[in-house]
Amino acid sequence: MAKSITLHLNVNDKDYDVTLDPRVTLLDLLREHLALTGTKKGCDQGQCGACTVHLDGERVLSCLTLAAQAENRRVTTIEGVAGSDGALHPVQASFLKHDAFQCGYCTPGQIMSAIACIKEGHAGSEGEIREYMSGNICRCGAYPHIVDAVKEAAAETSRESV
Ligand code: FES
Ligand code: FES
C-alpha cells in the first residue's frame, strides 16, 4: 500500500486533518472518510456529474480530483449550501418548487453545478442553461424542470449572492 499522507482542508466551513492513502479521490474522501454522502458516484470517470462539488468556489468533478489536490483548500458540498438556520439555498428551494428531480441521485451534483452556473453568469437563457448544465446527466429526464428551476433561481438571485 502506498504511504499515507495527511491533509488539511476545509469542508463546509469546518477544518479537517485527515490521514489517507494518496490514491483516495476527493469524492471518496467526502463519502467514506467524512461521511458526507450527499455527493454521489454515478460513474467514477468524469462522465456523469453526480459527484460535482465546489473547490474554492468553482465546480469540479470530485471523482477526478485527488483528495490531495484539496490540501489547504475550501470544499463545499450539497450538505453545506443551506443556511446555518437550515433555510434552503435558493437553488435548492427552486428545485423543490419546480419538481426538478425524481430519484434524487443526480440532484446534489445538479444543484452544485447550478449554483456555479449562475455564479459564472451562464444562466442567461434556456439555451445557455442547457449548454452549461450539460455536464450533469439525469436518467429520470428531469431536464425541462431543471432548466425552469435554474432560470427562476438565477432571476431571483444576483450572481454574487448565490
Ligand atoms: S462520478 Fe464523477 S462524473 Fe460521474
Ligand atoms: S433525478 Fe434521477 S437521475 Fe436525475
Side-chain angles (χ1 to χ4, degrees), residues 2 5 7 9-12 16 18 20-71 73-82 88-120 122-123 125-157 162:
I5 53 168
L7 291 180
L9 75 165
N10 182 286
V11 182
N12 299 335
Y16 290 91
V18 281
L20 37 68
D21 185 306
R23 293 169 294 187
V24 172
T25 61
L26 177 57
L27 174 57
D28 288 341
L29 164 67
L30 295 168
R31 292 185 54 83
E32 291 172 22
H33 295 254
L34 305 186
L36 292 168
T37 54
T39 307
K40 304 302 188 200
K41 186 186 286 185
C43 71
D44 215 17
Q45 52 187 335
Q47 292 183 347
C48 75
C51 66
T52 306
V53 299
H54 295 178
L55 190 55
D56 289 334
E58 303 210 341
R59 52 179 162 173
V60 297
L61 297 172
S62 61
C63 72
L64 294 188
T65 306
L66 284 172
Q69 292 172 264
E71 165 78 349
R73 297 177 76 182
R74 194 167 45 85
V75 179
T76 310
T77 71
I78 191 68
E79 290 92 343
V81 298
L88 292 182
H89 184 284
V91 175
Q92 290 178 303
S94 193
F95 266 61
L96 263 183
K97 177 177 168 192
H98 289 277
D99 247 341
F101 57 94
Q102 195 177 116
C103 75
Y105 199 84
C106 74
T107 315
Q110 298 281 3
I111 290 177
M112 297 313 290
S113 215
I115 293 171
C117 178
I118 295 170
K119 217 177 264 182
E120 291 159 13
H122 288 142
S125 67
E126 290 195 8
E128 199 181 20
I129 292 168
R130 283 185 182 277
E131 174 72 21
Y132 282 89
M133 288 296 293
S134 64
N136 292 81
I137 291 173
C138 176
R139 293 304 299 265
C140 297
Y143 300 115
H145 293 199
I146 291 170
V147 172
D148 291 346
V150 176
K151 199 164 78 175
E152 185 172 298
E156 280 177 352
T157 49
V162 272

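Being a predicted model, the structure only gives us computed values, none of them experimental. Atoms within each ligand, like the ligands themselves, are counted from 1 in listed order.
- Within the protein, the number of N/O/S atoms found under 2.8 Å from atom 4 (Fe) of ligand 2 is 2.
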Could you go through residues 97-117 and list every donor-acceptor pair under 3.5 Å that involves a side-chain atom there, pairing it with any protein atom two or more places apart or in another chain?
from	atom 1	to	atom 2	distance (Å)
Lys97	NZ	Glu152	OE1	3.2
Lys97	NZ	Glu152	OE2	2.8
His98	NE2	Glu152	OE1	3.1
Tyr105	OH	Lys41	N	3.3
Tyr105	OH	Lys41	O	2.9
Thr107	OG1	Gly104	O	3.2
Gln110	NE2	Asn136	O	3.4
Ser113	OG	Arg59	NH1	2.8
Ser113	OG	Asn136	OD1	2.7

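- Taking backbone and side chain together, Cys48 holds an N, O or S atom under 2.8 Å from atom 4 (Fe) of ligand 1.
- Residue-ligand proximity, Gly49 to ligand 1, at heavy-atom distances under 4.0 Å covers atoms 3 (S), 4 (Fe).
- Residues Thr157 and Val91 have side chains not in contact (no heavy-atom distance under 4.5 Å, counting atoms from C-beta outward).
- Backbone or side-chain N, O or S atoms of Cys43 reach atom 4 (Fe) of ligand 1 at under 2.8 Å.
- Residue-ligand proximity, Gln47 to ligand 1, at heavy-atom distances under 4.0 Å covers atoms 3 (S).
- Ser62 contributes a side-chain N or O that, together with a main-chain N or O of Cys51, makes up a donor-acceptor pair within less than 3.5 Å.
- When atom types are taken as modelled, the side chain of Tyr132 and the backbone of Ala123 share no donor-acceptor pair closer than 3.5 angstrom.
- Atom numbering of ligand 1 starts at 1 in the shown order; those under 4.0 Å from a heavy atom of Gly42 are 1 (S).
- For CD of Glu58, the number of neighbouring non-hydrogen atoms (other residues, nucleotides, ligands) closer than 6.0 Å is 12 at most.
- Atoms of ligand 1 lying under 4.0 Å from at least one heavy atom of Gly46, given by number and element, are 3 (S).
- Here the heavy atom of the protein found nearest to atom 1 (S) of ligand 1 is Asp44 N, 3.2 Å.
- Contacts with ligand 1 closer than 4.0 Å are made by no heavy atom of Gln45, backbone or side chain.
- Proximity of Thr25 to Leu64: side-chain heavy atoms (C-beta onward) are nowhere separated by under 4.5 Å.
- Looking only at side-chain heavy atoms (C-beta outward), Thr76 and Asn12 come within less than 4.5 Å of each other.
- Of all atoms in ligand 1, numbered sequentially from 1 with element shown, those under 4.0 Å from a heavy atom of Cys51 are 1 (S), 2 (Fe), 3 (S).
- Residues Gln69 and Leu26 are not in side-chain contact: their nearest non-hydrogen atoms beyond the backbone lie 4.5 Å or more apart.
- Across all non-hydrogen atoms, the minimal contact from Ala153 to Pro90 is CB-O, 4.3 Å.
- Residue contacts with ligand 1 for Leu64 are absent, since no atom lies close enough (heavy atoms, distance under 4.0 Å).
- Taking 4.5 Å as the limit, some side-chain heavy atom of Gln92 sits within range of a side-chain heavy atom of Ile78.
- By the 4.5 Å heavy-atom criterion applied to side chains, Ile5 and Leu20 are counted as neighbours.
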